[in-house]
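Take a look at the structure set out below.
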Amino acid sequence: MLALTSVPLHAQRGELRKMSPFVRLTAIEHSAQRRVAARGQHESQLCAFVRISDQGSEVLRANGCRELARFGNIYIAGIPLSRMAALSADRRVQRIEARERCSLHMDTTTTVVNALPVYAGQGLPQAYTGKGVVIGVQDIGFDLTHPTFYDRTATQYRIRRLWDQLSADTVGSALFVGAEYTTTEALLAYAHSRDGLVESHGTHTAGIAAGSGYDSPYRGMAFESDICLVSNAVSSDTAFIAKDDLYKYTSATDALGFKYIFDYAEERGMPCVVSFSEGSNQDFFGDDVLMYEVLDSLTGPGRILVASAGNEAMKGCHYHKPAGQALGGVFVYRNAPYAYITMRSRGDFLFRFTYYHKDGAKKMLVQSKDVLSRPDSLFIDTLAIGEERFPILIAGYPSIYNPQESAFEVLLMGNKNTFGNSQFPVSVEALGGEADVDFFANSCAFVEYKENPTLKGYDNQYCIHSPGSAPSVICVGATSHRASYYNYLGELRSFGLGSGGVRAPYSSIGPTLDGRTKPDVMAPGSNVVSAYSSYFIENNPDHYDLQQDVARFDFRGRTYSWNSNVGTSMSTPVVSGAIALWLQANPQLSPDDVMQIFSRTCRHYDPTLDYPNNLYGYGEIDVYAGLLEVLGLPSRINGLKTSQPVGASFSMNTDSQLQLRFSRPLSRRARLTVWSMGGARMLDEQLEPGSSTASVSLSHLPQGVYVCQLQGGDSDVDGSTLIRR
């Protein structure tokens, strides 16, 4: 948090502008006391992206920086805070960028629903299980001992590597932060990520993407994939980080985590998809410019990054005051002693801050052009109400997307009751009929209060989180299917989040701040059951989250659970696991290829909408239809059905007999057709009415994968599936 006094940085205005806002505020905060480490003293560092025009490695070395990765002329570096001004002063340094740690994208305390694990496409194709593909999960709270991370028999362990960025085992570690664990013995001995006693988020998301399900129906999407984990740091992990190391954990550190997973997959010669159920608010100031470029460099054929959209859409996120309207604004709500909003303007305007209290209303007026004209583009003042003081900070910048527009960070400080109390409302307004102004909620929500009934009309747009907002990242929103369940205590838990595939009301919607359509795709997120950490259960026996356990069981002397959860955190690993199945079929799929598959195969809850759109993206993922598209089967098999039958099951026995079972006897004659993957018709048989089962010999066919289709019978048995002979 920025100190509430403006301190001049030992640099010129032009050098300040090389820094993204987070870097800039960090530099200002630390410039008052030059932190040159004495012998044996720990030197504070910032992990950041740096664009350098020439001789980048030499520039970093000359400034005592540690080069951590390179992407063309963009470097990720550990920068001593005492050298920030000198580094920015080098003419070859063009940009220094980082942002604060992300937050998680789930809600486990207010809205929870349950169902069997979501298998997009109503079941996984039998021939594709993720084998030969690396699923990477960057998250927090991993229980490395959970049996879902073995195979179904609990004999083959599937986590191949972990980088715990918070690990204290740093002696001899070559990594910038934390340590890595690379053998089964080391992983099981470590047992859980450092934050695993108080978090279980990563256990749940990794289980959705890649868990075997062990002895349960709660199998993940790509249950035979190899698993590579990075336990990063989020906003709630501060207790695990030494004060001098806080700035080592930024968006640049997260990018190093993505690179770590992709590098492991490349080392193994395997395609890879990374699942990231975290994010931060977008901005107009450029905290993400270099990160987007780095992510574009990291992804490509066989290297795909999937991130969650966020869970912001149930609150007021955005308000627009158009030009021609004299004034407009919002009331700010947050159950915390500070609130943070972003504003974008086309034209000058007057800020009006109003604090309503028992003795009336106290106001502060600030001209936007006065903020921009200050040497450091920072305005800091204090509003006095009785004995209390309420600091207000405004930082102004040219918009990174349009230099003709201005952007402002507004930080309002108060006490614990200021922003979460209807008895003490606080409003922010823009006055000026010629200015077009947008308000965006960051760490707050926009609400209405009776003190000024004209302050209304906000909406929930523009709330997609970064890095899901990046062009090269697959951004996932959440749909809802079921709204009630019984927990392991027999208690009915019911929540109204919709059903049938409607967009979950919390799922963030676009567009992005620069006007692009996001999210890209949807997946079930409101009714997902997956693994939960035994260490979390052991250390937090009365935690509310554990009321969401649907089952508990013992394994090798420890108690584990299957837990119901909701959020785009849950829908993201569904999509990641589905893409792993597609990568097994085509290891060279790129993010653009995946987008094209979405455009041709996603299900549309609302057929009246044009797709893609800022509510659903391309629609809800259909893993089976997508897999057929990856394999090119619709173009080779005329009339192929792209959905699986819900009233029929297929299996192969040891005698090469294809066994069919119907949920009810056939009322009409059905036709069974079998094609090769090349599109050649291999078998065509009629199944008579009244049949509950059927057996067809495929012993005359070579071993391989085949397409089986039923048609002409009852509607619930019409469809196709893949089988392995």
Side-chain angles (χ1 to χ4, degrees), residues 105-108 110-125 204-205 207-209 211 213 216-221 275 277 306 308-311 313-314 475-487 492-509 519-531 548-551 562-578 581 598 601-607 609 611 613 615-626 642-647 663 716 719:
H105 280 167
M106 71 173 185
D107 178 357
T108 63
T110 58
T111 51
V112 183
V113 294
N114 177 47
L116 296 180
V118 179
Y119 298 118
Q122 304 303 310
L124 294 174
H204 200 272
T205 60
I208 295 169
S216 80
Y218 307 121
R219 186 173 67 180
M221 293 294 299
S275 187
S277 292
V306 182
S308 48
N311 301 331
M314 291 181 75
C475 181
V476 184
T479 53
S480 294
H481 286 265
R482 293 185 183 177
S484 64
Y485 70 98
Y486 285 92
N487 68 10
L492 178 65
R493 302 179 67 79
S494 182
F495 302 90
L497 294 175
S499 61
V502 66
R503 183 187 67 84
Y506 54 81
S507 184
S508 289
I509 63 177
D520 299 308
V521 69
M522 309 293 281
S526 296
N527 53 352
V528 184
V529 176
S530 184
Q548 299 152 203
D549 287 351
V550 300
W562 304 106
N563 181 278
S564 173
N565 246 308
V566 57
T568 56
S569 277
M570 283 64 253
S571 56
T572 297
V574 172
V575 171
S576 303
L581 303 180
F598 292 156
T601 65
C602 280
R603 297 190 291 263
H604 297 162
Y605 175 82
D606 185 347
L609 298 175
Y611 291 82
N613 58 63
L615 294 171
Y616 289 90
Y618 284 104
E620 187 176 60
I621 192 169
D622 185 327
V623 66
Y624 181 67
T642 58
S643 61
Q644 294 177 300
V646 297
S663 58
D716 64 342

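Quick caveat, the model's predicted, so the values are computed rather than measured. Residue numbers count from 1 along this sequence.
We find the OH-OG distance between Y506 and S480 to be 5.0 Å, quoted to the nearest 0.5 Å. Taking CZ of F598 as the start and CG of D520 as the end, the distance is 7.0 Å to the nearest 0.5 Å. Rounded to the nearest 0.5 angstrom, E620 CD and H481 NE2 are separated by 3.5 Å. Once rounded to the nearest 0.5 Å, the distance linking NE2 of H204 with CG of N565 reads 4.5 Å. Taken to the nearest 0.5 Å, the CH2 atom of W562 stands 4.0 Å off from the OG atom of S216. Atom OG1 of T601 and atom OH of Y618 lie 11.0 Å apart (nearest 0.5 Å).
Of the possible donor and acceptor atoms, none in the side chain of T568 sits under 3.5 Å from a partner among the backbone N and O of A478. The backbone N or O of S277 lies less than 3.5 Å from a partner atom in the side chain of S569, making a donor-acceptor pair. Side chain of T479 to backbone of G501: no donor-acceptor contact under 3.5 angstrom is found.
For the pair L609 and H604, the minimum side-chain heavy-atom distance is 4.5 Å or more. The closest side-chain heavy-atom distance from M522 to I621 is not below 4.5 Å. The closest side-chain heavy-atom distance from Y624 to L581 is not below 4.5 Å. For the pair V528/Y218, no side-chain contact is recorded, criterion being any heavy-atom separation below 4.5 Å from C-beta on. Two residues are said to be in side-chain contact when any heavy atoms from C-beta on lie closer than 4.5 Å; D716 and S663 meet this criterion. Contact check for V476 versus V306: side-chain heavy atoms found under the 4.5 Å cut-off. Side chains of D622 and T642 form no contact here, defined as non-hydrogen atoms less than 4.5 Å apart.
Closest approach of G477 to S507, counting heavy atoms only: CA-OG, 3.3 Å. In this structure, S508 and P519 approach most closely via the heavy-atom pair O-CD, 4.1 Å. Of all the heavy atoms in Y605 and Y616, the pair that sits closest is CD2-OH, 3.2 Å. The two residues M570 and V574 have their closest heavy-atom pair at O-CG2, 3.4 Å.
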